[in-house]
**Q** 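Sharing a structure below in structure tokens format, with a few things to ask.
Per chain, numbering begins at 1; letters A, B, ... match sequence-line order.
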Protein chains: 2
Amino acid sequence: MPNIKQIAEAAGVSVTTVSRVLNHHPYVSESKRKAVEEAIALLNYSRNMNAVHLIKGSTQTVGVILPRINLFYFARMMEGMAQEALKYNYKLMLCQTAYRPEEERRVLEMLRDKQIDGLVICSRSLPLDQLEAYAEYGPIVLCEMVKDRPLSSVYFDHYASFQKAIIYLWDKGHRKIGFTIGRRNSPSSRRRLKAYTDTLRTLGGEPREDWILGGCSDIEDGAALVDRLLSLKEQPDALLITGDQVAAGFIFTARSRGLQVPGDYAVIGFDNQPISEIIGITTIDNRLSEIGSRAFEIVHEQISGQLNGPVTEEFSFRFIERNSV
Amino acid sequence: MPNIKQIAEAAGVSVTTVSRVLNHHPYVSESKRKAVEEAIALLNYSRNMNAVHLIKGSTQTVGVILPRINLFYFARMMEGMAQEALKYNYKLMLCQTAYRPEEERRVLEMLRDKQIDGLVICSRSLPLDQLEAYAEYGPIVLCEMVKDRPLSSVYFDHYASFQKAIIYLWDKGHRKIGFTIGRRNSPSSRRRLKAYTDTLRTLGGEPREDWILGGCSDIEDGAALVDRLLSLKEQPDALLITGDQVAAGFIFTARSRGLQVPGDYAVIGFDNQPISEIIGITTIDNRLSEIGSRAFEIVHEQISGQLNGPVTEEFSFRFIERNSV
DNA sequence: CTGTTAGCGCATTCAA
DNA sequence: TTGAATGCGCTAACAG
């Protein structure tokens, strides 16, 4: 592969001139530009971008931390980011960490080592303090509620949406309300738990530990939920299921066992995933794709200096009434 | 951010020595190693990886071309790749191209420009000839059947699986068989079309143009399929639906309209997606995750020189009989 | 408008 | 076991 010097020689100009035409600078005579372009074509030249990155100190690449790409929740966010990245000609480094702290740390180190210019964290296991230590190396945006830290945050209010859903169920006459979560100890799960406890207490209901059903991320988990519920001493009559795929798995399996949804169980799903419309699941749209694109956009604005300091943006949710309650 | 020179000064050694401890070379005295490590810790130093990439001529990064990450088919492959990439400490650059040729080309140029060391193409719109031109810059693996070209290929046999499914339907007494596809003109779709035509002709059946239903990628498309079918003059009584999400959308919507599946329509899905087990869809497992991980592995083996020249690997499929036929 | 020159931060040959 | 010197390929300040 030829380098810039060889192009300069072939075109009979200096490397600077070659660099200028490469970067579309003005002040290059038409004749020399032609000569350079011809040499480039002739020798099939292309820049070594690593040299450009080295000199510029940036890579036009943003990293994305998520546990698993093959979950609707994250795939949808990623899609939003990818669309945005395309606009600005940025690249996305996908880092599927499976919630392993050491992998998350490796990505943070990529930020420090200048392999990426910024970072979006969809979900994490590392404590905020550890993330914070890397904020000096480049913008970091979290897709969860974070305030008063050098980290940006784009999120949707899990607390308020849970509250809304619980009140809706309560108004429909349900008193035994349970809910599912993915990871037990994630920041979002903790917010939801708090909303569950607070809201039920306020209403005069009873939050119950055994109605908090962990480990529900995918459709199979929803299917397995039926048996988990049936094995409880006392069963809830309504469920908030965080993820419409999970809800769909539950509803389908429950019905195939002769249980009624709604009826035996009222269900509210989350994310307004396409399946929820088809099955008619009442759900809460938390605008994942928009959160993803906005997260990328913030990173980009911070990299390019249009935005200074961390920002926090809350997205409002949309309650969608269908036929599962 | 300090550089290697400053570390050398702080530690009272030469940059070479610093470089040696950075790269875990032997022949560094314990005392100097200590001094260097202390200086690194003290100044909070880390390497600028772009300089390393420049000098080494590689980035430990593999690009992935796919149209949309939020489709099960691609998310699953990506997951396989990501798992493999983790093993070798490689990074993955996700390039969601929406089948736009100019975006695909941009990724190929990244290969040429040394921003990525290799490339996996899950699905494409560019012709093979154009891809081939970039093969000299680094290993390219396609997830489709490609032979006798400087491109590697890991694929699952769409022809044989379609054939198998059609014969199965035929044996069950179905004579009016149609099928869905995503893009009309993709290489895989063409293979399937050929299998459809060949197999039905051999059996004495009638392949029909109006029973080839394009534009089916997601669950909503499956739901919409019901009306499309009902509006046909003559309807098929059996369908191959490429993607269990699509099949699920179809089955659910059909049933909610009072149609029977199986009964009014027999359905065979594809991919053995989790939803197919829950709904009981007869399907063909094409081992997407394995294809993804093997694709990455091949790129990696070729980058590291363990493998020379393009390889072609076919994965066998698995027919899974459930209750939709 | 153009070219000379000095780095960007690091790995590596070569000589000691 | 160590270090000086060279260069990876490119950009940009500077001088003309």
**Q** Once you apply a heavy-atom cut-off of 4.0 Å, does B:S19 come out as touching a base, just sugar-phosphate, or nothing?
**A** base
**Q** Looking at DNA chain D, which of residues 22-42 of chain B put a heavy atom within less than 4.0 Å of it?
**A** B:Y27, B:V28, B:S29, B:K32
**Q** Under 4.0 angstrom, heavy atoms only, what part of the nucleic acid is B:V18 near: base, sugar-phosphate, or nothing?
**A** nothing
**Q** First locate atom SG of A:C122, then atom CD of A:Q96, and finally report the distance between them rounded to the nearest 0.5 Å.
**A** 11.5 Å
**Q** Among side-chain atoms of B:Q302 and B:S152, is any donor-acceptor pair under 3.5 angstrom?
**A** yes
**Q** Which sits closer to the 5' end of DNA chain C, A:R20 or B:L54, going by the nucleotide each is nearest to?
**A** A:R20
**Q** Applying salt bridge (Lys or Arg N to Asp or Glu O under 4.0 Å), can you list everything that pairs with B:R47, at least two apart in sequence or on another chain?
**A** none
**Q** For DNA chain C, determine which residues of residues 1-12 of chain B have any heavy atom closer than 4.0 angstrom to one of its atoms, and list them numerically.
**A** B:N3, B:I4
**Q** By side chain to side chain donor-acceptor pair (under 3.5 Å), which residues pair with A:T61, not counting sequence neighbours?
**A** none
**Q** Test of understanding: with side chain to side chain donor-acceptor pair (under 3.5 Å), list the residues that count as partners of B:K91, not counting sequence neighbours.
**A** A:Q115
**Q** Residues two or more places apart in sequence or in another chain: which of them pass ring pair (Phe, Tyr, Trp, His ring centres under 6.0 Å) with A:H158?
**A** A:F156
**Q** Salt bridge (Lys or Arg N to Asp or Glu O under 4.0 Å) with B:R183: which residues, sequence neighbours excluded?
**A** none
**Q** Do the side-chain N and O atoms of B:E144 and B:S153 include a donor-acceptor pair separated by under 3.5 angstrom?
**A** no
**Q** Chain A on DNA chain C: first and last contacting nucleotide, 5' to 3', under 4.0 Å to a heavy atom?
**A** C:dC1 to C:dG9
**Q** Do you see a donor-acceptor pair shorter than 3.5 Å between the side chains of A:N89 and B:R106?
**A** yes
**Q** Look at the aromatic rings of A:H300 and A:Y88 and report parallel, tilted or perpendicular, splitting at 30° and 60°.
**A** parallel
**Q** Under the salt bridge (Lys or Arg N to Asp or Glu O under 4.0 Å) test, which residues partner B:D113, sequence neighbours left out?
**A** none
**Q** Using the test ring pair (Phe, Tyr, Trp, His ring centres under 6.0 Å), find all partners of A:F74 that sit at least two apart in sequence or belong to another chain.
**A** none
**Q** Check every nucleotide of DNA chain D for an atom under 4.0 Å from a heavy-atom of chain B, then give the first and the last such nucleotide from 5' to 3'.
**A** D:dT1 to D:dG9
**Q** Tell me, which of residues 44-52 of chain B have any heavy atom that sits under 4.0 Å from an atom in DNA chain D?
**A** none
**Q** Ion pair present between B:E79 and A:R68, side-chain N to carboxylate O less than 4.0 angstrom?
**A** yes
**Q** Are any non-hydrogen side-chain atoms of B:K114 and A:M49 less than 4.5 angstrom apart?
**A** no
**Q** Are more than 12 heavy atoms, taken from residues, nucleotides or ligands other than B:D148, located less than 6.0 Å from that residue's CG atom?
**A** no
